[in-house]
Amino acid sequence: MTKLTNLTIADALDGLAKGEFSAVELTQAHLDAMATKRALNAYITETPELALEEAKASDARRKAGKAGSLDGIPLGIKDLFCTKGVLTTAASHILDGFKPQYESTVSQKLKDAGSVTLGKLNLDEFAMGSANITSYHGTVENPWKAKADPAKKLVPGGSSGGSAAAVAARIAMGATGTDTGGSIRQPAAFCGITGIKPTYGRCSRWGIVAFASSLDQAGPMARTVKDCALMLNAMAGYDPKDSTSAPVAVPDFAKALTGDIRGLKVGIPKEYRPDGLSDEVNKVWEKGIEWLKAAGATPVEISLPHTKYALPTYYIVAPAEASSNLARYDGVRFGLRVEGKTLDDMYKKTRAAGFGAEVRRRIMIGTYVLSAGYYDAYYTKAQKVRRLIADDFARAFEQVDVILTPTAPSAAFGIGDNSDDPVTMWLNDVFTIPTSLAGLPGLSLPAGLSTDGLPLGLQLIGRPFDEETVFKVAGVMESAAQFTALPEGV
Amino acid sequence: MSLDKATVRNIAELARIEVREEELDHLAGELSNILTFVEQLAEVNTDGVAPMASVAAVTLPTRKDVVNDGGYPQAVLVNAPDAIREEEGGFFTVPKVVE
Amino acid sequence: MAYLIQGETCDWEIVIGLEVHAQVISNSKLFSGASTLFGGEPNSQVSFVDAGFPGMLPVINETCVEQAVRTGLGLKAQVNLTSVFARKNYFYADLPQGYQISQYDLPIIGEGTLLIDLPDGTTKPVGIERLHLEQDAGKSIHDQHPSKSFIDLNRSGVALMEIVSKPDMSSPEEAGAYLTKLRSILRYLGTCDGNMQEGSMRCDANVSVRPKGSTELRTRCEIKNVNSIRFVQQAIEYEARRHIDVYESGGDIKQETRLFDSGKGETRSMRSKEHAHDYRYFPDPDLLPLVISQDFVDGIKATLPELPDEKKARFMGEYGLNSYDAGVMVAEKDSADFFENVAKGRDGKTAANWVMGDFFATMNSDAKYTWTNPPVSAENLGRMIDLIKDGTISTRLAKDVFIFMVEEGKDPATIVEEKGLKQVTDTGAIEKAIADVFAANPDKVAEVKAGKDKLMGWFVGQVMKATQGKANPGMLNELIAKKFKE
């Protein structure tokens with residue numbers, strides 16, 4: 001029998017239904033695995049007692065014939081989701097000791113579906129980063145190693161680095177992530193797993209520590225397309241507590257995996273093939289196009305002319321919103337407080353001690369671009385370019401049904417590489433950011449390995465609220481890719 | 001755009017983050033680089049384009065005027081680093097402000 | 001006639017603009033479901049949203065939107081069908097999010113007008129610049145501890161309407177008239193209770209001066225959070241003179257925010273506002289633009305009550321009141337309604353005299369009297385007036401009936417019956433009483449006949465006393481005059 005921790009969510013649900021094993025056994029297997037992989041630092045907080053309690057309750061429900069859609073499935077929750085009574089840090093010193101008295105809508109929905117919580121997963125501080133190297137609770141290690149240098153520690157990507165590493169290392173069956181500029185898709189690609197950022201408004205933001213309100217979206221990270229569909233079914237849905245939540249029905253995403261994409265048009269944006277795009281990334285992209293052709297879809301070259309402006313646009317809009325969203329971290333009502341002689345003194349000392357360098361940089365840029373005299377030149381300008389970027393996609397979707405691009409410009413790099421210049425680090429998100437600015441659904445799945453044996457991902461982008469087409473095409477690509485490689489020690 | 005120390009000091013003040021004197025130069029350099037990077041947007045012709053504040057395609061939903069929240073002062077105060085907790089309520093405390 | 005302050009070098013005019021923050025009457029807060037009741041246990045009316053916890057999001061209260069539209073219509077102002085909420089970013093202990101959700105570029109209400117009533121009976125229009133919705137902040141208490149301030153967030157998130165006037169006022173009197181009228185309109189509409197002592201209506205006054213006849217606008221100072229109309233007037237007077245002193249001694253006024261010290265009657269600079277605030281307004285990304293339909297606005301318009309100006313004009317026309325009396329009557333909707341219930345179908349001036357005289361005097365004499373528990377009901381007061389009109393009682397007797405109504409709460413007819421207060425209209429009875437008084441005072445009769453007309457009043461008084469005040473005064477005067485002519 002397959003090791004319990006190597007099962008997919010779909011297969012585990014099957015096994016539980018058939019009584020092949022219990023939820024408690026499934027959870028215990030994961031808790032045991034977690035204990036052997038602490039070096040990865042994927043978890044900030046492990047919740048074994050809670051997990052076993054929930055697993056017991058799950059078995060009881062199943063026995064009574066009342067099993068939910070994810071009953072008994074052990075998941076990790078990115079430590080950006082507020083979990084009632086459980087330490088929630090956003091990987092920041094400034095939230096030391098914070099135990100929310102409320103549960104985020106998305107994590108509550110997963111509980112309502114019967115899932116089990118293994119713990120809170122590590123991330124870049126306040127979700128700001130693409131390598132999970134800015135966490136106050138330590139860097140996360142990618143379970144994958146390069147063939148040429150197996151001792152070198154690699155980044156898992158970010159900001160949902162802990163989530164991606166945990167799922168790849170089989171110490172969580174699935175995990176929640178959040179994606180603001182690529183934080184689900186890029187780590188999924190670096191860790192050889194699947195992840196989807198749904199359409200903006202598909203999942204509720206209530207109870208998720210806010211970074212950039214007009215961009216943040218929760219989404220699932222798991223080992224297969226079907227697993228992501230099953231998780232998204234439970235996570236998505238209109239929430240009246242979130243004014244940006246979309247009042248649209250949630251289809252059964254798993255049912256979208258028909259395997260039939262004949263006649264579909266797949267956009268290949270020429271701007272995603274800049275000079276200097278790595279050969280192996282290009283190769284895997286070409287392979288992806290071949291797979292889709294073989295399945296009866298038609299590739300169509302499209303142009304998204306404002307693509308190169310997406311990064312500067314994002315790095316005005318996201319920091320601006322963040323500078324305001326993070327003003328509430330002031331030492332008064334929760335988290336860290338550093339005493340001061342006056343109120344302002346306390347604010348300044350608390351926030352200086354509590355925020356890391358990347359967060360501080362973004363708050364300061366955000367404060368600057370919103371300040372008097374600069375608002376029009378930066379913020380208003382960026383919001384206008386954002387509209388042009390969204391219009392590019394809208395125009396493209398008049399010709400095509402889905403868009404295929406690489407997820408990231410490279411495979412996972414070493415912890416410590418690239419860390420001097422913040423802008424260089426930001427280039428990791430060059431393929432994922434445009435999708436976020438336009439609010440479109442974007443999925444990454446593993447398509448192949450680099451010459452160094454590291455996973456390379458491909459991204460599928462869909463029309464607003466058309467996750468179904470994205471899932472459908474992803475399912476076909478997954479079958480074609482036959483990505484069976486595993487990180488070491490799994 | 002190149003930022004000088006005085007500007008960085010001002011931004012830090014607005015953001016209420018203490019920046020040590022010796023950090024100012026380096027920070028000014030980093031922020032200046034970032035601004036130079038984002039200033040490429042000036043190349044884009046945005047005449048007649050309306051700024052996009054949200055990708056959510058809906059207008060603001062409203063809620064009915066009923067009292068269905070609040071009334072849990074202990075939960076509101078429990079995470080406070082310093083608070084006065086009383087029977088029915090309580091206060092957050094901060095260093096004294098002189099108006 | 002313009003209000004001028006005499007300076008050393010010239011006469012000066014004052015330029016005044018007022019910003020009023022009015023707490024919206026609603027059950028729950030603007031963006032959360034916590035209660036807005038005044039006086040609850042500290043932090044007991046606070047949701048996680050109001051306390052700015054991580055991950056919390058705002059959802060707008062439809063009643064607060066209605067109240068803002070209602071107020072805008074009451075101010076004859078433009079209603080903007082699309083408006084945007086913006087964050088005003090600053091740090092303060094009573095502002096948990098580190099920003100206030102307000103409106104900046106596109107407020108819900110645009111330009112309008114408010115007519116102020118001046119003591120000389122004239123009205124003057126004062127322009128309204130805009131009205132927008134925003135969150136109130138919590139409360140800081142600084143005197144409970146030697147080194148700490150205490151924060152209560154009960155008020156954090158309560159809906160406020162910020163009503164900004166144009167700088168059209170030119171005297172403390174006009175400012176007072178503006179606030180009085182605005183308060184009255186808000187109370188008529190039921191959108192704010194206007195209680196300045198409790199803080200549900202607060203005023204910031206913007207003051208500058210200029211030489212008489214000039215049209216320039218000089219630097220203004222803002223006096224914040226003045227909590228009574230009288231203090232606003234005092235603050236304006238003081239501040240204007242301060243500006244004049246500075247200019248006349250060759251100095252310049254720098255723009256600043258000040259507080260009014262009601263004890264000293266002076267304004268002083270606010271220490272904590274030394275830095276120029278850069279609020280970095282931007283549209284709140286948690287909230288989409290608010291879009292209301294014309295139908296929605298029309299629906300509210302249809303439910304507007306008759307407002308003070310219209311009611312005053314109608315009272316003058318329908319009930320023959322003069323401008324002053326009508327103004328007094330309509331200042332509060334409750335008194336206007338009470339008056340109308342008394343005056344309907346009766347003589348307006350009589351009704352006004354009774355309401356403004358005996359009735360108001362009694363109302364104000366004891367705090368237990370309120371509009372829900374008046375000393376005399378409108379029906380009873382009206383019936384009493386009917387009894388005067390049909391001659392059952394005289395005006396003089398009515399004063400006694402009124403007092404009995406207050407004490408016993410019975411209707412006037414019953415009181416007249418029980419206390420025997422019917423006026424005497426029997427000619428014979430009055431003539432007999434006159435004859436008795438004449439017989440008892442022959443020397444005085446002679447004096448009157450000799451020309452001392454003034455003594456006639458004494459006779460009237462004596463007969464009145466003899467009849468326990470019940471003689472019909474008109475008949476009495478007539479019959480005494482006749483008797484003297486005999």
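Small disclaimer: the values here were computed from a predicted structure and weren't measured. A, B, ... follow the sequence lines: proteins, then strands. Residue 1 opens every chain. These values consider heavy atoms only, across backbone and side chains, with no hydrogens, waters or symmetry-generated copies.
Heavy atoms closer than 4.5 Å to chain A are found nowhere in N10(B), neither backbone nor side chain. Heavy-atom distances place both the backbone and the side chain of F37(B) under 4.5 Å from chain A. Only the side chain of Y374(A) comes within less than 4.5 Å of a heavy atom in chain B; its backbone stays farther off. For F355(A), the part sitting under 4.5 Å from any heavy atom of chain B is the side chain, from C-beta outward, and nothing else. In this structure, chain A has a heavy atom under 4.5 Å from the side chain of E23(B), while its backbone stays farther away. Heavy-atom distances place no part of A83(B) under 4.5 Å from chain A, backbone and side chain included. Neither the backbone nor the side chain of L77(B) comes within contact range of chain A, judged by heavy atoms closer than 4.5 Å. Interface remark: A438(A) contributes backbone atoms only to the contact with chain B (heavy atom separation under 4.5 Å). Contact of L60(B) with chain A is made through the side chain alone, with heavy-atom distances under 4.5 Å. In this structure, chain B has heavy atoms under 4.5 Å from both the backbone and the side chain of L343(A). Contacts between T62(B) and chain A at a heavy-atom distance below 4.5 Å are absent for every atom of the residue. The contact between T313(A) and chain B is made by backbone and side chain atoms together, counting heavy-atom distances below 4.5 Å. For a residue to count as touching a neighbouring chain, one of its non-hydrogen atoms must lie under 4.5 Å from one of that chain's; by this rule L440(A) does not touch chain B. Heavy atoms closer than 4.5 Å to chain B are found in both the backbone and the side chain of K308(A). At a 4.5 Å heavy-atom cutoff, the contact between V78(B) and chain A is made by side-chain atoms alone.
For the atom pair OG1 of T46(B) and CZ of R387(A), the computed distance is 12.0 Å after rounding to the nearest 0.5 Å. Here the CG atom belonging to N79(B) is positioned 12.0 Å from the CG atom belonging to D96(A), to the nearest 0.5 angstrom. Separation of atoms CD1 (I316(A)) and CD1 (I34(B)) is listed at 11.0 Å; rounding is to 0.5 Å. Taking CD1 from I11(B) and CD1 from I365(A), the interatomic distance works out to 7.0 Å, rounded to the nearest 0.5 Å. Taken from NZ in K384(A) to CG in D47(B), the straight-line distance is 7.5 Å, to the nearest 0.5 Å.
In terms of heavy-atom pairs under 4.5 Å with chain B, the best-connected choice from F98(A), Y314(A), Y368(A), Y347(A) is Y368(A). Counting heavy-atom pairs under 4.5 Å between each of Q101(A), E339(A), R333(A) and chain B puts R333(A) at the top. Between chain A and the residues N33(B), V76(B), L35(B), the most heavy-atom pairs under 4.5 angstrom are made by L35(B). Top candidate by heavy-atom pairs under 4.5 Å with chain B, chosen from V332(A), I363(A), T342(A), is V332(A). Chosen from D82(B), T93(B), I17(B), the residue pairing most often with chain A at heavy-atom distances under 4.5 Å is I17(B). Counting heavy-atom pairs under 4.5 Å between each of Y200(A), Y315(A), Y379(A) and chain B puts Y200(A) at the top. Ranked by heavy-atom pairs under 4.5 Å with chain B, the first of L388(A), V369(A), T244(A) is L388(A). Ranked by non-hydrogen atom pairs under 4.5 Å with chain B, the options T367(A), D345(A), T380(A) are led by T367(A). Between chain A and the residues A80(B), P51(B), A42(B), A15(B), the largest count of heavy-atom pairs under 4.5 Å involves P51(B).
Contact record, Q40(B) with Y309(A): O-CE2, 3.8 Å, taken as the closest heavy-atom pair. When every heavy atom of P95(B) is checked against every heavy atom of G340(A), the shortest pair comes out as CG-O, 3.8 Å. Listed here is the closest heavy atom pair of M364(A) and L27(B): SD-CD2, 3.7 Å. Closest heavy-atom contact between M52(B) and A390(A): CE-CB, 3.8 Å. Closest heavy-atom contact between R337(A) and V94(B): NH1-CA, 4.2 Å. Residues S243(A) and P61(B) come closest through the heavy atom pair O-CD, 3.6 Å.
Checked by atom type, the side-chain pair E39(B)/Y378(A) shows a donor-acceptor distance below 3.5 Å.
In this structure, the side chains of D330(A) and R16(B) stay at 4.5 Å or more apart for every pair of heavy atoms.
Between E30(B) and R360(A) no salt bridge is recorded (no basic side-chain N to carboxylate O distance below 4.0 Å).
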